[in-house]
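A short worksheet on the structure shown next.
Quick note on labels: first sequence line is chain A, next is B, and so on, each numbered from 1.
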Amino acid sequence: MLDIQALRNDLAGIAARLATRGFVLDTAKFEQLEAERKTIQTRTQELQAKRNSSSKLIGQAKAKGEDVSAIMAEVASLGDELKQAEAQLGEVQVALQQFLEVIPNTPHSCVPIGKSEAENEEVRKVGTPPQFDFEVKDHVSIGEQLGLDFDTATKISGARFSLLKGGLARLHRALAQFMLDTHTDRHGYTETYVPYLVNADSMYGTGQLPKFERDLFRTSSGDSIGDVITNSQEDVKENTFSINKFYLIPTAEVPVTNMVRDSIVPLEQLPLKFVAHTPCFRSEAGSYGRDTRGMIRQHQFDKVELVQIVHPEQSYAGLEELLGHAETILQQLGLPYRVMKLCSGDMGFSAALTYDIEVWLPAQNTYREISSCSNFEAFQARRMQARFRNAQGKPELLHTLNGSALAVGRTLVAVLENYQQADGSVIIPEVLRPYMGGLERLSR
RNA sequence: GGAAGCUUGGCCGAGCGGUUGAAGGCACCAGUCUUGAAAACUGGCGAGGGUUUGCGCCCUUCGUGAGUUCGAAUCUCACAGCUUCCGCCA
């Protein structure tokens with residue numbers, strides 16, 4: 001959420017910055033809501049002040065045994081107007097809140113202006129795509145010899161699920177373990193194990209709600225299957241959520257970042273650095289027909305996620321550091337990649353600056369996203385009321401960062417394709433071999 | 001699923017329907033003392049918002065939402081969350 005003060009101070013400027021990401025800020029509506037809010041709030045508070053002071057007088061008079069009927073009549077006459085004013089104020093505040101919570105973050109000044117991913121800016125390219133003296137196969141063809149089984153996954157669940165067996169399943173596990181160990185042992189992150197089902201407040205805190213509910217899976221317990229249809233935006237807002245209304249996390253960013261929701265972190269504990277390996281669940285609504293082959297785009301995939309909770313002055317340095325931590329994994333695995341700075345039109349809702357890391361996929365003859373590292377500045381922290389106590393002892397909003405390091409499924413795809421051999425086997429990158437019982441090659 | 005209890009500021013913890021935004025303690029900040037620190041002592045100290053050039057003034061806030069009342073942390077109702085016990089269960 002943006003700072004309402006910033007909107008009051010520089011509405012046109014913020015509108016211009018939002019326009020670069022294709023968001024049209026309805027400035028007239030904001031000004032109208034603000035004007036209404038101001039008059040109604042002033043009036044309401046006047047009436048409340050009058051009621052409060054009169055009620056105090058009544059208390060004092062009664063204590064002295066004086067007659068209070070005159071004052072009581074006076075206060076009573078406020079009743080209706082006050083009630084009405086309070087109701088109006090409530091309405092305008094809700095309207096303002098709803099207006100604010102669907103506005104995306106303002107891009108950082110260094111973000112290139114552009115409409116789509118075509119205008120993202122390449123920051124650097126690392127590694128050289130491997131040359132093959134045979135016809136390269138994609139991970140689906142390679143994988144089906146080694147234990148990648150989409151048919152069975154489809155039988156069990158449906159489209160956009162995959163099933164791994166044997167060495168391939170172990171390689172998948174090895175990748176996650178390697179990533180976790182690297183980040184905890186070498187990069188100073190604290191390993192966390194977190195809930196995969198979260199409440200609406202948490203989804204709101206990181207920005208998935210209220211705008212992107214259709215991208216999420218929501219649960220219902222067996223008892224309340226029939227209730228699913230009645231679950232409404234009202235429930236989400238009123239937070240009348242109970243056990244049958246959890247959301248499946250689309251990324252570990254949600255539970256991990258929300259660790260600091262509604263809390264004040266002592267200054268000396270900053271920065272907080274957490275890593276979590278979790279499955280992620282995405283409805284992929286609206287992506288019909290895209291990446292239908294293979295395990296590039298799934299309803300369920302594993303990801304190792306880095307989260308940093310930092311002092312506002314440190315967030316951009318933190319982002320570079322976090323990006324480097326993600327890159328380390330690719331370097332260790334010997335996978336060629338490039339780093340892209342997302343243009344204004346391609347960034348996610350909550351981000352102020354995002355780097356994507358794209359890994360080389362030989363079969364597609366192109367780079368594909370394998371990590372996304374973002375600085376959210378105070379956007380999420382404001383929604384979460386995640387704060388620290390500054391040097392003056394006053395609570396101040398934190399900055400939040402996160403990045404994938406890496407998406408495990410896509411890393412597996414990249415390893416299969418980049419390390420494929422003419423005979424259909426796959427060489428295991430050296431850093432993974434300790435996790436594979438010393439195995440050097442996957443073959444059928 | 002059944003039963004009981006609980007929910008107050010950064011933390012712990014008092015709180016009769018009437019100057020209670022809320023005692024007390026811890027933590028924190030400033031000062032005195034000290035070579036320095038600790039201890040002791042003195043003072044300060046919740047958060048969010050409105051308004052004002054500023055001092056300040058005002059509003060909201062005791063899990064959430066309704067209600068009773070001139071007035072609610074205190075009374076009523078609903079809901080949520082937490083804890084414990086029973087049942088079921090990995």
Salt bridge (Lys or Arg N to Asp or Glu O under 4.0 Å) between A:Glu34 and A:Arg37: does it pass, once the steps are laid out? CA-CA 5 Å; A:Glu34 259 295 282; A:Arg37 191 224 92 230; 2.7 Å; yes

Kindly determine whether A:Glu86 and A:Arg43 satisfy salt bridge (Lys or Arg N to Asp or Glu O under 4.0 Å), including the steps that lead there. CA-CA 9 Å; A:Glu86 282 176 338; A:Arg43 180 67 188 142; over 6 Å; no

Could you check A:Phe99 against A:Leu33 for side chain to side chain contact (heavy atoms under 4.5 Å, CB included), going step by step and ending with a plain yes or no? CA-CA 9 Å; A:Phe99 181 86; A:Leu33 282 170; 4.2 Å; yes

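Among B:C70, B:U60, B:U51, the nucleotide with an atom closest to any side-chain atom of A:Asn52 is B:U60. Taking every side-chain heavy atom of A:Lys83 into account, B:U68 is the closest of B:C70, B:U60, B:U68. With distances taken from any side-chain atom of A:Ile264 to the nucleotides B:G48, B:G10, B:G18, the minimum falls on B:G10. The side chain of A:Gln45 lies closest to B:G49 when the candidates are B:G10, B:G49, B:C70.
Ring planes of A:Phe379 and A:Phe349: perpendicular class, angle over 60° (limits at 30 and 60°). The aromatic rings of A:His183 and A:His187 are tilted relative to each other, their planes meeting at an angle between 30° and 60°.
In this entry B:C79 has B:G63 as its Watson-Crick or G-U wobble partner, both defining distances falling under 3.5 Å.
Note: CD (A:Glu268) to C1' (B:A27) measures 11 Å, nearest angstrom. In this structure, A:Arg43 places its CZ atom 14 Å from P of B:C59, rounding to the nearest Å.
RNA chain B lies under 4.0 Å from no heavy atom of any residue of residues 376-384 of chain A.
Judged by the 6.0 Å and 45° rule, A:Lys341 forms no cation-pi pair with A:Tyr355.
Across the P atoms, B:G81 and B:G56 are found 43 Å apart, a figure rounded to whole Å.
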